[in-house]
Amino acid sequence: MELKGKRIAILVDILYQEMEVWYPYYRLQEACAEVLFVGAQAGKTYTSKLGYPAIADRGYSGIQAADYDGVIAPGGFAPDYIRRHPDATRFVHEIHTANKLVAAICHGPWVLCSSNVLQGRKATSFFSIKDDVIHAGAEWSDAEVVIDGNLVTSRKPEDLPAFCAACIGVLKTQ
């Protein structure tokens with residue numbers, strides 16, 4: 001019941017990392033949040049790196065930050081596709097501007113780079129995109145989770161317990 005009344009968007013696209021979508025999805029539902037998959041097209045099926053399907057409940061063009069309490073960008077190759085959509089990066093930027101939860105794990109911070117939300121912030125990511133995160137203006141550190149106000153980032157699937165706990169912690173303070 002700790003997140004009852006909260007609505008969270010998890011961004012999806014092809015080649016997402018399974019655990020980085022489904023672990024937060026079920027963990028946040030367990031905490032009584034409403035969790036929706038958001039992709040380029042509502043109703044479209046996006047398959048993971050291993051072919052596991054996630055159906056978008058909403059499309060980027062139909063969502064507004066005012067209707068959500070947070071957004072999560074998973075890893076895999078999906079972030080490279082997600083950040084190509086101006087409505088997706090607009091949404092993330094608006095969530096950030098409203099000081100609501102903005103969370104990303106693994107390669108998910110690529111979406112944050114393209115959404116212009118990392119300038120002057122502390123963050124982490126999968127090591128291979130460290131330079132991208134730094135060039136987007138963040139102070140990068142190698143830690144299982146970095147919490148900087150409304151911003152939560154983690155490095156890899158093994159960090160999911162700390163990542164989800166941090167997301168829930170931020171959502172409880174909003």
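Residues Pro109 and Ile129 form a side-chain contact, since some pair of their non-hydrogen atoms from C-beta on lies under 4.5 Å apart. Between Ile82 and Tyr60 there is a side-chain heavy-atom pair separated by less than 4.5 Å. Taking 4.5 Å as the limit, every side-chain heavy atom of Tyr16 sits out of range of all side-chain heavy atoms of Phe77. Side-chain atoms of Tyr46 and Pro53, non-hydrogen and from C-beta on, never get closer than 4.5 Å to each other. Ile95 places none of its side-chain heavy atoms less than 4.5 Å from the side chain of Leu101. Two residues are said to be in side-chain contact when any heavy atoms from C-beta on lie closer than 4.5 Å; Val102 and Val92 meet this criterion. Taking 4.5 Å as the limit, every side-chain heavy atom of Pro74 sits out of range of all side-chain heavy atoms of Val12. Residues Val111 and Val71 form no side-chain contact, since every pair of their non-hydrogen atoms from C-beta on lies 4.5 Å or further apart.
Aromatic rings from Trp22 and Phe37 are positioned such that their centres are separated by under 6.0 Å.
For the atom pair His93 NE2 and Leu112 CG, the distance stands at 12.0 Å (nearest 0.5 Å). Rounding to the nearest 0.5 Å places NE2 of His96 at 6.0 Å from CG of Asn150. Atom OG of Ser115 and atom CD of Glu94 lie 10.5 Å apart (nearest 0.5 Å). In this structure, OG1 in Thr89 is found 10.5 Å from CG in Leu11, a value given to the nearest 0.5 Å. Atom OG1 of Thr173 is separated from atom CD1 of Ile168 by 12.5 Å, given to the nearest 0.5 angstrom.
Taking hydrophobic clusters as Ile, Leu, Val, Met, Phe, Trp and Tyr residues chained together by side-chain heavy-atom distances below 4.5 Å, Ile63 does not share a cluster with Leu171. Leu36 and Tyr52 fall into different hydrophobic clusters, where Ile, Leu, Val, Met, Phe, Trp and Tyr side chains are chained together by heavy-atom contacts under 4.5 Å. Residues Val133 and Trp110 share a hydrophobic cluster, clusters being chains of Ile/Leu/Val/Met/Phe/Trp/Tyr side chains in contact below 4.5 Å. Note on Val38 and Ile55: separate hydrophobic clusters, where clusters join Ile, Leu, Val, Met, Phe, Trp and Tyr whose side-chain heavy atoms are under 4.5 Å apart, directly or indirectly.
Every pair passing salt bridge (charged side-chain N to carboxylate O under 4.0 Å, His left out) that includes a residue from residues 118-138 is listed here, sequence neighbours excluded: Arg121-Asp148. Applying the ring-ring contact (aromatic ring centres under 6.0 Å, His included) definition to pairs two or more places apart or across chains, those involving residues 121-156 are His107-Phe126. The salt bridge (charged side-chain N to carboxylate O under 4.0 Å, His left out) analysis of residues 39-66, with sequence neighbours excluded, yields no pairs. Screening residues 70-84 for salt bridge (charged side-chain N to carboxylate O under 4.0 Å, His left out) gives Asp80-Arg83, Asp80-Arg84 as the qualifying pairs, with residues at least two apart or on separate chains. Residue pairs meeting the ring-ring contact (aromatic ring centres under 6.0 Å, His included) criterion with at least one member in residues 143-174: none, sequence neighbours excluded. Sorted by first then second residue, the salt bridge (charged side-chain N to carboxylate O under 4.0 Å, His left out) pairs that include residues 157-174, not counting sequence neighbours, are Glu2-Lys172, Arg155-Asp159.
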Any chance you could lay out the side-chain contact (heavy atoms from CB on, under 4.5 Å) test for Leu118 and Leu151, step after step, and finish with the verdict?
CA-CA 9 Å; Leu118 292 176; Leu151 182 67; 3.9 Å; yes
Check the pair Glu30 / Tyr26 against side-chain hydrogen bond (donor to acceptor under 3.5 Å, both in side chains), numbers first and verdict last.
CA-CA 6 Å; Glu30 180 181 62; Tyr26 287 121; over 6 Å; no
Show the numbers, then the answer: is there a side-chain contact (heavy atoms from CB on, under 4.5 Å) between Lys156 and Ile105?
CA-CA 6 Å; Lys156 55 190 176 180; Ile105 186 167; over 6 Å; no
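Every residue meeting the side-chain contact (heavy atoms from CB on, under 4.5 Å) condition with Ala162, not counting sequence neighbours, appears here in chain and number order: Glu144, Val145. Residues that satisfy the side-chain contact (heavy atoms from CB on, under 4.5 Å) test with Ala33, not counting sequence neighbours, are Leu3, Lys6, Ile8, Leu28, Val35. When the side-chain contact (heavy atoms from CB on, under 4.5 Å) test is applied to Ala143, the partners found at least two apart in sequence or on another chain are Ser141, Val146. By the ring-ring contact (aromatic ring centres under 6.0 Å, His included) test, Phe91 pairs with Tyr68, sequence neighbours left out. In this structure Pro157 satisfies the side-chain contact (heavy atoms from CB on, under 4.5 Å) test together with Gln17, Met19, Glu20, Leu160, sequence neighbours excluded. Applying the salt bridge (Lys or Arg N to Asp or Glu O under 4.0 Å) test to Asp87 and every residue at least two apart in sequence or in another chain returns Arg90.
Between the Thr47 side chain and the Gly51 main chain, no donor and acceptor come within less than 3.5 Å of each other. Side-chain atoms of Thr153 do not come within 3.5 Å of backbone N or O of Ala123 as any donor-acceptor pair.
Gly39 and Ala56 get closest at one heavy-atom pair: N-CB, 3.7 Å. The two residues Cys113 and Ala136 make their nearest non-hydrogen contact at SG-CB, 3.7 Å. Residues Ala103 and Cys167 come closest through the heavy atom pair CB-SG, 3.6 Å.
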